[in-house]
Amino acid sequence: MNRVEPRTLSGFMELLPNEQILFNQMKEKIQKTYERFGFLPLDTPVIESAEVLLAKAGGETENQIYRFQKGDNDLALRFDLTVPLAKYVAKNYGNLSFPFRRYQIGKVYRGERAQKGRYREFYQCDIDIIGDGELDLINDAEIPSIIYTLFKELGFNDFTIKINNRKILNGLFESINQKDNSTEILRIIDKIEKIGKDAVIEELKKLNVKDEQINKIISFIEITGSSDEKIEKLENLGITNETYLKGINELKTVVQNVRLFGVPDSNFMVDLTIARGLDYYTGTVYETFLNKYRELGSVCSGGRYENLAEYYTDKSLPGVGISIGLTRFFYKLNELNIIKADRKSISDVLIIPVVEDLKEPIKLAADLRKIGVNTEVYLNDKKLKAKLKYADKLQIPYTIIIGEDEIKSNKIKVKNMETGESIETELSAEKIKEII
RNA sequence: GUGAGUAUGGCGUAGUUGGUUAACGCGCCAGUUUGUGGCACUGGAGAUCCUGGGUUCGAAUCCCAGUACUCACCCCA
């Protein structure tokens, strides 16, 4: 027989059971938190018509998208969850209630060269709030409170949600006549933490930005102090550009209201270097860092955009949202041993039959499941030793052996596999549940 | 798209002046121990040494090509 080597494509994550259990737990916590804030679930197809997915596109996105023909259809795999959302809202505009709050957790695809912690197929966990015509700025302030609740829920305390406003940066660029280069400059500024101040200056010089302008940009992003102090310093820079002033006002409002939503100052701050590479953000932008693990980069980011679905509808649909790249986040947490995948089974109990007639063991399992106990019956004809070894290897916490004696006497022993101790009780699901 | 590196049982690895039965750990199977797992001991199964070609009396080892994977850049989650 000509065997095919079993392999998984580069850039695609595949986990062992213990890791998958942990991954699913994280995914579930994220989902529960999103729902607690009233976000509605949404699931859209992984495959869309290329025309729809590439309505905007251009540049890198176009190069990285998986695109293929099936018959006469020109198809593509979604590369994020925002474009499908835009299509969905435009298509179902009449059936949705605005502001439309939706979450979506799903896989997206990017055909780029894989590298450490970077995948071609990965989960994004998105929330967005979409307004009809307008969306009040206070929504921008609620977002950090969701991030805050979420990371608390995931077991983190020492994290910082960094907040900035694109209008401030864009206004600054306008005021120094660098509006045309704004996307490029933003990208460079965004890298300051990684490459350092000097490298940023070098890159700006390559863009033919004048020294005087570079100095302005640098002294701007080097503004220090608390969130309120930074805002005050921005106001006192003497820049009169309209966009700039609007940005400051927005940022000020957001900061005040973030506090209203209960996020402590220890977990958020204004950071003027946060720019986000994506060019569709037009106002508030967010990035979240785990302070003890800065090397992870931003683990949750997003922002405000002026018009979600301009390529699909005339309706004006401003929105604000965030995304967590769960696959990468999980990979890195695991790599740094911040999380431990120590559960190898999801069974609470393994029932081990040592009789021919499986009626009683199967009935007991059904009874246990009915009252919420994850129960598994060992169904292969092996020696008792092998059956116990199975429970041991999967670290199933309890075992119950059922044979002729147990059925006759109506008494069983619940064995704690960690301590090795057994507790005798009645052959009844309720009694067993009390023990485990 | 650009650059560098790696490829040996299921997994992690050893294996260079080219030399005959490819080694070790983990895992797997069996036994010591016929209704009680983990520990220990004993034994066992399991390898187209990535693929194709070349050099050589002889290649896991040297050369060429291909493929895959990894890392970095670009970009991004």
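What you are looking at is a predicted structure, and each value in this text was computed from that prediction instead of being measured. So you know, we letter chains A, B, ... as the sequences are listed, proteins then strands, and number each from 1.
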Once you round it to whole Å, what is the distance between [atom2] of [N] and [atom1] of [X]?
X	N	atom1	atom2	value
A:Phe329	B:C76	CZ	C1'	17 Å
A:Glu376	B:G37	CD	P	19 Å
A:Lys382	B:U33	NZ	P	21 Å
A:Arg78	B:C76	CZ	P	21 Å
A:Leu350	B:G38	CG	P	15 Å
A:Glu287	B:A77	CD	P	9 Å
A:Leu9	B:U67	CG	C1'	13 Å
A:Arg120	B:G1	CZ	P	10 Å

Does any residue of residues 101-117 of chain A have a heavy atom under 4.0 Å from RNA chain B, and if so, which ones, in number order? A:Arg110, A:Glu112, A:Arg113, A:Gln115, A:Lys116

Among residues 143-162 of chain A, which contact RNA chain B at a heavy-atom distance under 4.0 Å?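 Under 4.0 Å from RNA chain B: no residue of residues 143-162 of chain A.
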
Between [N] and [M], how far apart are the two [atom1] atoms, rounded to whole Å?
N	M	atom1	result
B:A65	B:A7	C1'	16 Å
B:G37	B:U70	P	42 Å
B:C71	B:G66	P	23 Å
B:U20	B:G1	P	43 Å
B:C57	B:G43	C1'	40 Å
B:U16	B:C49	C1'	16 Å
B:A60	B:C50	P	10 Å
B:U21	B:U17	C1'	24 Å

Between [X] and [Y], which heavy-atom pair has the shortest distance, and what is it?
X	Y	result
A:Met26	A:Leu326	CE-CD1, 4.0 Å
A:Ile371	A:Lys433	O-NZ, 2.7 Å
A:Leu364	A:Ile402	CD2-CD1, 3.5 Å
A:Lys230	A:Val270	NZ-O, 2.6 Å

With heavy atoms under 4.0 Å as the rule, sort [X] into base, sugar-phosphate or nothing.
X	value
A:Lys383	sugar-phosphate
A:Glu421	nothing
A:Glu418	base
A:Gly297	nothing
A:Tyr119	base
A:Gln395	nothing
A:Lys191	sugar-phosphate

Which residue lies toward the 5' end of RNA chain B, A:Ser422 or A:Thr327, if each is placed at its nearest nucleotide?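 Checking each residue's closest nucleotide, the 5'-ward one belongs to A:Ser422.
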
Report the residue (A:Gln124 or A:Leu388) whose heavy-atom-nearest nucleotide on RNA chain B is the more 5′ of the two. A:Leu388

Which one is paired to [N], where only Watson-Crick or G-U wobble pairs with both distances under 3.5 angstrom count?
N	value
B:A22	none
B:A14	none
B:U34	none
B:G43	B:C29
B:C71	B:G3
B:U61	none

Tell me whether the guanidinium CZ or amine NZ of A:Arg328 lies under 6.0 angstrom from the six-membered ring centre of A:Tyr119 and within 45° of its axis.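 The answer is no, since A:Arg328 fails at least one limit relative to A:Tyr119.
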
Heavy-atom side-chain proximity of [X] to [Y] below 4.5 angstrom:
X	Y	value
A:Arg304	A:Leu135	yes
A:Tyr293	A:Asp158	no
A:Tyr286	A:Pro144	yes

Given [options], identify the nucleotide with an atom nearest to the side chain of [X].
X	options	result
A:Asp392	B:C71, B:G37, B:C74	B:G37
A:Asp405	B:A77, B:G35, B:U33	B:G35
A:Arg7	B:C69, B:G35, B:G38	B:C69
A:Lys385	B:C74, B:G37, B:G31	B:G37
A:Ser301	B:A77, B:G37, B:C73	B:A77

Within less than 4.0 Å of OP1 or OP2 of [N], is there a side-chain N or O belonging to [X]?
X	N	result
A:Lys415	B:G35	no
A:Arg187	B:C76	yes
A:Ser10	B:U70	yes

What distance separates A:Glu48 CD from A:Leu77 CG, expressed to the nearest 0.5 Å?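 It is 10.5 Å, given to the nearest 0.5 Å.
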
Return yes if the base of B:G37 and the side-chain atoms of A:Lys393 contain a donor-acceptor N/O pair under 3.5 Å, otherwise no.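 No pair found.
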
Aromatic contact, A:Tyr123 with A:Phe330 (centres under 6.0 Å): no

Do A:Tyr93 and A:Phe98 have their ring centres less than 6.0 Å from each other? yes

Please indicate yes or no: is the ring centre of A:Phe122 less than 5.5 Å from the centre of the six-membered base ring of B:A77, with the two planes inclined by under 30 degrees?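 Ring-base stacking flag set for A:Phe122 and B:A77.
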
Between A:Tyr103 and A:Tyr34, how do the two ring planes meet: parallel, tilted or perpendicular, split at 30° and 60°?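 Tilted, since the angle between the ring planes falls between 30° and 60°.
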
Does the plane of the ring in A:Phe151 sit parallel, tilted or perpendicular to the ring in A:Phe156? Use 30° and 60° as the thresholds.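 Tilted.
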
Taking 4.0 angstrom as the limit, do A:Lys32 and A:Glu153 come out as a salt bridge?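 The answer is no: the pair does not qualify as a salt bridge.
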
